[in-house]
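In each ligand, atom 1 is the first atom listed, and ligand 1 is the first ligand listed. These numbers come from a predicted model, not from an experiment.
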Amino acid sequence: MTSTGGMPNSFDMNQADLLDPELAELVTRRSRVLGAGYRLFYDEPVQVVRGEGVHLFDELGRDYLDAYNNVPCVGHCHPYVANAIATQARTLNTNTRYLDARILDYSERLLATHGNGLTNVMYTCTGSEATDLALRIARYATGAEGIVVTSNAYHGVTAAAAAVSPSLGSGSPLGEDVRTVSAPALGASAEEVGARLAADVRAAIDDLAQQGIRFAAFLADSIFSSDGLCPDPAGFLRPVGEVVRSAGGLYIADEVQSGFARTGEAMWGYQRHGLHPDLVTMGKPMGNGIPIAAVAMRPQLVEEFGREVRYFNTFGGNSVSIAAATAVLDVIETDALMENALSVGGFVRDGLADLSVGRSYLEGVRGAGLYLGVDLVDPDTQQPDGELARRIVNDLRRRRVLISATGPEGHTLKIRPPLPFSREDGDRLLGELEQVLLAVDAGRPAARGSR
Ligand SMILES: Cc1ncc(COP(=O)(O)O)c(C=O)c1O
């Protein structure tokens with residue numbers, strides 16, 4: 001039995017004996033202490049001891065170009081954010097049951113980035129908790145239970161979030177009131193993709209109704225990361241919003257991946273689609289590594305829910321996490337990171353497109369801002385080639401460039417660096433990738449020039 005548990009790019013514990021003895025000892029000890037639920041990345045796991053900007057450093061002081069991590073969105077250990085955290089930790093760190101203007105200042109600023117009538121926000125510690133809370137509110141407000149998600153969605157680890165996360169696999173069954181639809185198609189017009197997705201959502205709502213389950217909400221990651229990355233064409237989500245509303249349900253936009261300027265075109269992924277969600281979940285990059293997540297919503301929703309249900313989350317929205325989140329917004333604005341994501345993201349996407357010329361096993365270059373993907377396929381059958389993606393990810397890792405893979409078949413390279421990623425960083429990534437691809441080409445004499 002493999003011990004990778006179906007996650008793309010995870011280390012196989014059965015291979016631990018092949019590692020350098022010191023690394024093997026650490027990996028085995030980790031597995032003994034943390035148990036079987038945890039996964040490591042890469043065939044040769046990376047031990048990191050320090051981070052700075054878009055770089056991670058190992059115990060020997062070697063630098064790795066981080067082209068993968070979105071949590072440190074303004075860069076690893078950003079001094080301004082670290083100072084804000086330390087200053088606040090030395091001053092006060094308490095919970096939301098005391099008056100403090102700083103959480104209100106932050107909330108007003110955060111909500112202003114949404115607009116759209118989303119005038120209330122509630123805080124959690126993780127994206128999973130945000131999913132959980134959004135589902136509770138949606139079900140409370142509609143008095144219905146049915147939820148529709150995409151077929152390889154991931155929305156978190158609480159019982160309720162796992163029940164709407166098909167990517168966790170058959171060991172983690174979906175709820176009986178959950179239906180899935182195929183991920184948005186790639187390579188068609190916004191009208192076609194939107195019409196197909198909207199029709200699928202309509203059919204899923206009908207299917208729920210046939211089982212006597214009323215529809216509460218459609219929940220989707222606005223960039224469909226675990227479904228294999230479907231950013232374009234922007235606008236395809238709008239018809240789905242209309243179907244959801246006409247069926248009396250709510251639209252929950254999961255911005256844990258696509259939020260906080262990642263796509264370069266807007267602060268929030270749903271805004272690229274001209275969508276008006278009822279609830280929005282946020283997390284990961286929000287505190288640059290300090291646990292803070294949130295749900296933004298229309299005021300009626302919190303009125304209905306809050307009247308009957310008391311809400312307190314001990315650590316959610318505590319003083320230090322709010323200081324971190326405030327500092328993150330400061331850096332995104334002052335360092336113009338959204339603009340950087342757009343321009344450097346475009347530069348890397350063009351570079352990927354150049355590398356795909358004449359390589360019929362590399363196709364579907366896509367991305368929005370600094371969230372980029374490209375598929376590995378069998379050139380003859382066009383079938384996904386997850387093994388090749390795994391090889392490329394690991395070859396890059398050996399060259400000290402960190403990316404990963406995603407999608408149901410694990411055949412999509414996933415490139416999602418911290419937002420200060422520069423053109424020089426992009427050059428290093430593309431240069432190393434070219435070297436890796438040349439080695440792949442060498443094993444496939446006909447690959448280049450056979451488009
Ligand atoms: C789209 C999406 N939603 C929710 C979550 C859950 O967030 P967390 O790991 O903070 O609980 C994740 C985490 O990867 C995610 O990618």
Side-chain angles (χ1 to χ4, degrees), residues 5-10 37-41 68-73 122-138 147-169 172 174 178 180 183-184 217-231 237 251-260 262-263 268-270 272-273 275 277 279-296 313 315-318 321 324-325 328 368 370-371 373 404-408 410 412 414-416 418:
M7 189 183 94
N9 184 29
S10 53
Y38 283 82
R39 303 286 181 273
L40 283 162
F41 281 149
Y68 179 72
N69 283 296
N70 60 345
V71 170
C73 70
M122 294 170 77
Y123 291 96
T124 63
C125 303
T126 66
S128 303
E129 282 183 65
T131 299
D132 198 298
L133 180 61
L135 290 173
R136 269 180 86 192
I137 293 173
I147 305 290
V148 178
V149 293
T150 49
S151 57
N152 205 49
Y154 179 71
H155 298 289
V157 292
T158 67
V164 295
S165 295
S167 72
L168 288 173
S172 176
L174 293 183
V178 178
T180 61
F218 176 67
L219 164 63
D221 165 0
S222 305
I223 201 157
F224 301 92
S225 334
S226 55
D227 280 297
L229 194 64
C230 318
L237 281 175
Y251 192 112
I252 308 173
D254 183 333
E255 290 289 332
V256 168
Q257 292 279 347
S258 52
F260 290 99
R262 169 71 36 195
T263 65
W268 307 105
Y270 72 82
R272 297 176 64 238
H273 287 279
L275 196 70
L279 296 125
V280 178
T281 60
M282 297 157 273
K284 284 187 189 286
M286 193 165 178
N288 213 48
I290 291 293
I292 177 165
V295 184
N313 185 320
F315 302 116
N318 74 24
S321 67
V328 166
L370 280 169
Y371 208 137
S404 194
T406 187
T412 305
K414 175 173 170 183
I415 299 171
R416 187 195 52 178

Nearest protein heavy atom to [atom], by residue and atom, and its distance?
atom: atom 9 (O) of ligand 1; value: S128 OG, 4.3 Å
atom: atom 10 (O) of ligand 1; value: G127 N, 2.9 Å
atom: atom 16 (O) of ligand 1; value: Q257 NE2, 2.7 Å
atom: atom 15 (C) of ligand 1; value: V256 CG1, 3.7 Å

Query raised in the report: Are Y68 and F41 close enough that their ring centers fall under 6.0 Å?
Result: yes
Query raised in the report: Looking at ligand 1, does any of its N/O atoms fall within less than 3.5 Å of an N/O of V157?
Result: no
Query raised in the report: Does any N or O atom in T131 lie less than 3.5 angstrom from one in ligand 1, N or O only?
Result: no
Query raised in the report: If you measure only the distance, is there a donor-acceptor pair under 3.5 Å linking the side chains of E255 and S222?
Result: yes
Query - Under 3.5 Å side-chain donor-acceptor pair for S404 and N9 - result: yes
Query raised in the report: Going by heavy atoms in the side chains, are F260 and K284 under 4.5 Å from each other?
Result: no
Report task. Check whether any heavy atom of D254 sits under 4.0 Å from an atom of ligand 1. Result -> yes
Query - ligand 1-proximal atoms of K284, by part, heavy-atom distance under 4.0 Å - result: side chain
Query raised in the report: Do you know the tightest heavy-atom contact between G127 and A293?
Result: N-CB, 3.7 Å
Query raised in the report: By number and element, which atoms of ligand 1 are closer than 4.0 Å to a non-hydrogen atom of T126?
Result: 10 (O), 11 (O)
Report summary line: The reported gap from NZ in K414 to CG in N70 (rounded to nearest 0.5 angstrom) is 7.5 Å
